Number of protein chains: 2
Amino acid sequence: MIAQMDNPPPREKRALGFKPLYGQVRDILVARLIEGVWKPGDPLPSEFQLAEELGVSQGTMRKALDELVGRNLLVRRQGRGTFVARHDQQRALFHFFKLEPNDRSRRLPTSQVLGVATGTADNAEREALSLDAGVKVIRVERLRFFEGKAIVRERISLPRAIFAGIEEREALPNTLYALYALDYGVTVAEAREELRAVAAGPEDARDLGLAPGTPLLEIRRVAVALDGRPVELRVSRCDTGHCRYVADLR
Amino acid sequence: MIAQMDNPPPREKRALGFKPLYGQVRDILVARLIEGVWKPGDPLPSEFQLAEELGVSQGTMRKALDELVGRNLLVRRQGRGTFVARHDQQRALFHFFKLEPNDRSRRLPTSQVLGVATGTADNAEREALSLDAGVKVIRVERLRFFEGKAIVRERISLPRAIFAGIEEREALPNTLYALYALDYGVTVAEAREELRAVAAGPEDARDLGLAPGTPLLEIRRVAVALDGRPVELRVSRCDTGHCRYVADLR
DNA sequence: TAGTGGTCTAGACCACCAC
DNA sequence: TGGTGGTCTAGACCACTAA
């Protein structure tokens, strides 16, 4: 059993505080993912084992697992098992990357870091990342390329309290979210993006090889970790002469 | 039973052609929605009745219904029943509308039709809507307002074969998708959007009160009906000085 | 109170994969 | 061949709504 063991009424189902069993099971599984009991790529115990451990039926465990698969936190492979999702698998890669080159090929761009710096969070960063005044952030500026052509200029802000030492690494990988998960225990679970059209500034123009004032697509993304903390602010300015932002509404 | 009645082997489950029962049931339900057996807002028979009619268990029927609820085609209301989703309910309205005024209020903009015309589909329309050469389309141009301020200039292209007569209506409602469903039997089930940054042209500038060349967010959307046909091409140019495009990645 | 969807269980069998 | 996830069933009981 789960929480009910402490309380005499074995199935607490009040009008307001009702929480289904599979929801409690799901929360327990999420907590284990946050704690790092299972790491990216690890297999979970079988559905039957998990169900027996938590004292629920396989059907209930299945429903809990289903929800986590739906949130892209787990991956099922028939005949093999259920695994913790990784941020560097083809399927998951494009979940947080919606730019597509105009030739419709689906590739990830390469990256070139322009600079890494540490500073005090400005107002925008404090609001986006829920930081107190005076807190330090790490800022990464980089360019991203499709087929050797610079398409995106990107500024990434990270709380130093979470990503301490990341500013001293010799190199940063192209897929940062896999790095966050493996080296900092931070699983990016969701993100909110706000898009605007802006005019290219002098630096945008220089780095992207455009005239100043050229319209650029600005993507402002706040990434949220499994535990609900906002962990990254990323502002990308994209030359939509060579790519476009694609969204499927279903 | 369903398809198996004709064939002696009651459960056809070959290596390749295997299709689960709930999938067949789901397809039958979708077919009924396309035929208009149940119209937007109508209640479906209860899960038990549907299950009995199609000769499956309630659990299987439930799984089929679950998928359609997940695709926003049906809506469940506990204690009341399962209903065909409508495109003019608060919940569904914003599923296909991702612009948010910068004051973060969630409202739909009002609309003002600038003009309606009929013409021969151009290359872009033919490709987007899978039309043959020479086919006629109806084009609607309109402005959309937040708080009385013109924010979006929109060009909508519709195949005349599907929406015959729509060009002669005295007025067009703000929420066109509800009109498509109710008067033309066309349920918009999904859409693909491509976003770019563009410079305002003379007409954009005039109608939106901006200087020519101001960066605008261009949203190019192809809406697809329940039966898979593309039914609408919509190109919106948005003044992101007053609003922004919002996407939640999960 | 009757009827609907929502949860949970127990068990059977199938499809897929690795060994 | 054994173990995993995937499907399907039958039945019980709970929560919500409307009459």
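Order of the sequence lines fixes the chain letters, A, B, ..., with proteins taken first and strands second; residue numbering starts at 1 for each chain. These numbers come from a predicted model, not from an experiment. Basis for what follows: all heavy atoms, side chains included, without hydrogens, waters or symmetry-related copies.
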Within the pair A/Lys63 and C/dC8, is there a side-chain N or O less than 4.0 Å away from OP1 or OP2? no

For the side chain of A/Thr82, counting heavy atoms from C-beta on, which of C/dC8, D/dG5, C/dG6 is nearest? D/dG5

For D/dG6, the Watson-Crick or wobble partner whose two distances fall under 3.5 Å: C/dC13

Pair B/Arg250 + B/Asp248, salt bridge at N-O below 4.0 Å: no

Rounded to the nearest Å, what distance is computed from the NZ atom of residue B/Lys19 to the P atom of nucleotide D/dC8? 12 Å

Run B/Ile166 and B/Val140 through side chain to side chain contact (heavy atoms under 4.5 Å, CB included) and show every step you take. CA-CA 10 Å; B/Ile166 201 173; B/Val140 178; over 6 Å; no

Using a cut-off of strictly less than 4.0 Å, decide whether A/Arg76 has a side-chain nitrogen or oxygen near OP1 or OP2 of D/dG6. yes

When rounded to whole Å, the CE to C1' distance for the pair A/Met61 and C/dA10 reads 16 Å

Distance, rounded to the nearest Å, where A/Leu54 contributes CG and C/dT9 contributes P: 11 Å

For the residue pair B/Arg229 and B/Leu129, establish whether any side-chain heavy-atom pair is separated by less than 4.5 Å. no

Could you work out which one of C/dT7, C/dT4, D/dT7 sits closest to the side chain of B/Arg62? C/dT7

Using atom CG of A/Asp66 as one end and atom P of C/dT7 as the other, report the distance to the nearest whole Å. 13 Å

Taking the minimum atom-to-atom distance to the side chain of A/Gln78, which one of D/dC8, C/dC16, C/dA12 wins? C/dC16

Over all strands shown, is A/Phe48 touching base, sugar-phosphate only, or nothing at heavy-atom distances under 4.0 angstrom? nothing

Residues A/Glu193, B/Lys98: salt bridge by 4.0 Å N-O rule: no

Can you check the A/Gln58 CD to C/dT9 P distance for me, whole Å? 11 Å

Using OP1 and OP2 only, check whether a side-chain N or O of B/Ser46 sits under 4.0 Å from C/dG3. no

Any A/Thr60 side-chain N or O less than 4.0 Å from OP1/OP2 of C/dT7: no

Interatomic distance, B/Leu74 CG vs C/dG6 P [rounded to whole Å]: 11 Å

Tell me whether the OP1 or OP2 atom of C/dA18 has a side-chain N or O from A/Arg80 closer than 4.0 Å. yes

Side-chain N or O of B/Arg77 closer than 4.0 Å to phosphate OP1/OP2 of C/dT4: no

Which of parallel (below 30°), tilted (30 to 60°) and perpendicular (above 60°) describes A/Tyr180 and A/Phe163? tilted

Send over the distance from B/Leu68 CG to C/dG5 C1', rounded to a whole Å. 16 Å

Write down the distance between CG (B/Leu21) and P (D/dA10), rounded to a whole number of angstrom. 11 Å

Under a 4.0 Å N-O cut-off, is there an ion pair linking B/Lys149 with B/Glu147? no

Contact nearer the 5' end of DNA chain C, comparing A/Pro20 with B/Gly81: B/Gly81

So which nucleotide from D/dA15, D/dC8, C/dT9 ends up closest to the side chain of A/Phe18? D/dA15

Need one value for A/Glu47: base, sugar-phosphate or nothing, where a base atom within 4.0 Å counts as base even if backbone is also close, heavy atoms only. sugar-phosphate

Please determine if a side-chain N or O atom of B/Tyr22 lies less than 4.0 Å away from the OP1 or OP2 oxygen of D/dT7. yes

